[in-house]
Amino acid sequence: MRIGVAAETKPGERRVALVPRDVLSLSADGLQLSVESGAGSGTGYSDDDYRDAGAGVVDANRAWDNELVVKVKELQEADYAHIVPGQAVFGFHHLTGHPAHARRLLASGITAIGYEAVRDSDGGFPLLAPMSVIAGRMAVQAAVRALGRAPREVLVLGAGRAGNAAADAARAVGARVTQLRRATATAEAVERSALRADLVVGAAFTAGERTPKLLPRSLVARMKRGSMIVDISIEEGGVAETSHATSHADPTYVEEGVVHYAVPNMPSAAPREAADAISAAVMPYARALASKGVARALLEDAGLRAGVLAWKGRCNHPGVAREAGVPYAPVSDAELRASSDP
């Protein structure tokens, strides 16, 4: 099975799903790859770098004309012009909290495997984790730039990879850090810490669920004037009622006297580091999907199968189905076995 590597079309997105180092490894296994021309330009990788790694460099139509396409961010309008029904698209899809987007994706007839939902043998998120670490660190960096100084009091909501990275980065600049996980993020605890914070980092995440609104508008309105919320969780709705998605071109706004930073693709601001990290994580899964076939790979890896949000246009995730108002129709073992038979 040939792997297509699509260029990103989301504004401000400069990462690429597979870097030449990992393309070379896949090519050495005998797999064929079609990389869209310019896909690596945002990270400093040229078309010749991909040719030297054994890939074909092609236009968008030919990159998408494959049974398996890998990319970084969720499908954009420009991508739908190239989609082939029945193909598998492996990337971040972020359907939770975006029912219209989910319905559009399902109507396209593709199989969508979400990086954000793939699990490892320990129940972790191996494809989300490297981006979460970068985003957590960048949350504090963004605050230092916006505030013009290092924050002294920091509240971190969440204790996963992003939350821990943000807490470490805040301590590194001398801040006093309060970190609350789901079990300890009571309304009283959040209020007490948010009211004294210079910076609140929203890093709460549960796969397939919308982010709880831990910062209601009434609380944000009582926070320090000129304090800041960095809402890493914005792609699942965000932790603050006052949050809405921004962009790298226009990353902040002020609401209720509080600076908000809510860029969905934060790691794209460090494109080379982020692309190298996501590619290393994606490569073994791309190898399995392409060498075994999508159905066989899913049958043999329960963690990869957990990432299947849509199967040939059917919704394979109960939470997404509920939000989008579509039937939940999970793919069965029998269907996968039938699809994997020669």
Answer yes when [X] and [Y] have at least one side-chain N-carboxylate O distance shorter than 4.0 Å, and no when they do not.
X: Lys71; Y: Glu8; result: yes
X: Asp65; Y: Arg62; result: no
X: Arg305; Y: Asp333; result: yes
X: Arg217; Y: Glu256; result: yes
X: Glu335; Y: Arg337; result: no

Can you check whether [X] reaches [Y] side chain to side chain, under 4.5 Å on heavy atoms?
X: Met266; Y: Tyr261; answer: yes
X: Val294; Y: Trp311; answer: yes
X: Tyr45; Y: Val19; answer: yes
X: Arg296; Y: Leu289; answer: no
X: Lys73; Y: Glu235; answer: yes
X: Asp79; Y: Gln76; answer: yes
X: Glu116; Y: Thr96; answer: no
X: Asn66; Y: Ile3; answer: no

Can any side-chain N or O of [X] pair as donor or acceptor with the backbone N or O of [Y] at less than 3.5 Å?
X: Thr252; Y: Val259; value: no
X: Glu13; Y: Arg15; value: yes
X: Arg21; Y: Asp276; value: yes
X: Arg119; Y: Ala117; value: no
X: Asp231; Y: Val239; value: yes
X: Ser34; Y: Gly4; value: no
X: Glu209; Y: Thr206; value: no
X: Ser46; Y: Asp49; value: yes
X: Glu36; Y: Asp59; value: no
X: Asp301; Y: Gly303; value: yes

Requested in this report: Would you sort out whether Asp22 and Arg287 count as a salt bridge (Lys or Arg N to Asp or Glu O under 4.0 Å), showing the intermediate values?
Outcome: CA-CA 10 Å; Asp22 297 318; Arg287 174 185 284 127; over 6 Å; no
What distance do [X] atom [atom1] and [Y] atom [atom2] have between them, rounded to the nearest 0.5 Å?
X: Leu24; Y: Asp52; atom1: CG; atom2: CG; answer: 9.5 Å
X: Ile232; Y: Ser243; atom1: CD1; atom2: OG; answer: 11.5 Å
X: Glu191; Y: Leu155; atom1: CD; atom2: CG; answer: 12.0 Å

Query raised in the report: Is the gap between the ring centers of His93 and Tyr115 under 6.0 Å?
Result: no
Query raised in the report: How about Phe125 and Phe205: are their ring centres within less than 6.0 Å of each other?
Result: yes
Report task. Go through the steps for Ile113 and Val89 under the test side-chain contact (heavy atoms from CB on, under 4.5 Å), then give the verdict. Result -> CA-CA 6 Å; Ile113 307 173; Val89 180; over 6 Å; no
May I ask whether [X] and [Y] are part of the same hydrophobic cluster, defined by side-chain heavy atoms of I, L, V, M, F, W, Y residues being less than 4.5 angstrom apart, directly or through others?
X: Leu147; Y: Ile229; answer: no
X: Val220; Y: Val154; answer: no
X: Val72; Y: Val282; answer: yes
X: Val5; Y: Leu68; answer: yes
X: Val258; Y: Val140; answer: no

Under 3.5 Å, which donor-acceptor pairs link side chains of residues 99-106 to any protein atom two or more places apart or in another chain?
{"unit_1": "Arg103", "atom_1": "NH1", "unit_2": "Ala324", "atom_2": "O", "d": "3.0"}
{"unit_1": "Arg104", "atom_1": "NH1", "unit_2": "Glu77", "atom_2": "OE1", "d": "3.0"}
{"unit_1": "Arg104", "atom_1": "NH2", "unit_2": "Glu77", "atom_2": "OE2", "d": "3.3"}

Requested in this report: Answer yes or no: does atom CZ of Arg181 have more than 12 heavy-atom neighbours from other residues, nucleotides or ligands under 6.0 Å?
Outcome: no
Which pairs of donor and acceptor atoms, one on a side chain in residues 127-137, lie under 3.5 Å apart (sequence neighbours left out)?
{"unit_1": "Ser132", "atom_1": "OG", "unit_2": "Leu128", "atom_2": "O", "d": "3.0"}
{"unit_1": "Arg137", "atom_1": "NH1", "unit_2": "Glu273", "atom_2": "OE2", "d": "3.3"}
{"unit_1": "Arg137", "atom_1": "NH2", "unit_2": "Glu273", "atom_2": "OE1", "d": "2.9"}
{"unit_1": "Arg137", "atom_1": "NH2", "unit_2": "Glu273", "atom_2": "OE2", "d": "3.4"}

Please report the shortest heavy-atom distance between [X] and [Y], naming the atom on each side.
X: Gly38; Y: Asp47; answer: N-OD1, 2.9 Å
X: Thr184; Y: Ala189; answer: O-CB, 3.5 Å
X: Leu219; Y: Ala194; answer: CD2-CB, 4.1 Å
X: Leu299; Y: Ser340; answer: CD1-OG, 4.1 Å
X: Leu18; Y: Ser279; answer: CA-OG, 3.3 Å
X: Gly163; Y: Val156; answer: O-CG1, 3.5 Å

Report task. I would like to know whether His317 and Tyr328 meet ring pair (Phe, Tyr, Trp, His ring centres under 6.0 Å); could you show each step before the answer? Result -> CA-CA 7 Å; His317 191 284; Tyr328 170 49; 7.9 Å; no
Query raised in the report: Please walk me through it: do Val200 and Met223 pass side-chain contact (heavy atoms from CB on, under 4.5 Å)?
Result: CA-CA 10 Å; Val200 178; Met223 288 173 61; 3.7 Å; yes
Query raised in the report: Stepwise, does the side-chain contact (heavy atoms from CB on, under 4.5 Å) test hold for Leu33 with Leu26?
Result: CA-CA 8 Å; Leu33 293 96; Leu26 294 169; 3.9 Å; yes
Query - Pairs meeting criterion salt bridge (Lys or Arg N to Asp or Glu O under 4.0 Å) with involvement of residues 151-160, two or more places apart - result: Glu153-Arg176, Glu153-Arg196
Query raised in the report: Are Leu180 and Thr186 close enough, and set up right, to give a side-chain contact (heavy atoms from CB on, under 4.5 Å), and what steps lead you there?
Result: CA-CA 9 Å; Leu180 300 176; Thr186 63; over 6 Å; no
For a quick check under 3.5 Å, do [X] and [Y] share a side-chain donor-acceptor pair by atom type?
X: Thr246; Y: His260; value: no
X: Arg14; Y: Thr43; value: no
X: Ser233; Y: Glu236; value: no

Query raised in the report: Are Glu300 and Lys292 close enough, and set up right, to give a salt bridge (Lys or Arg N to Asp or Glu O under 4.0 Å), and what steps lead you there?
Result: CA-CA 10 Å; Glu300 294 181 2; Lys292 298 176 181 180; 2.9 Å; yes
Query raised in the report: Mind checking whether Tyr285 and Phe90 have parallel, tilted or perpendicular rings, split at 30° and 60°?
Result: perpendicular
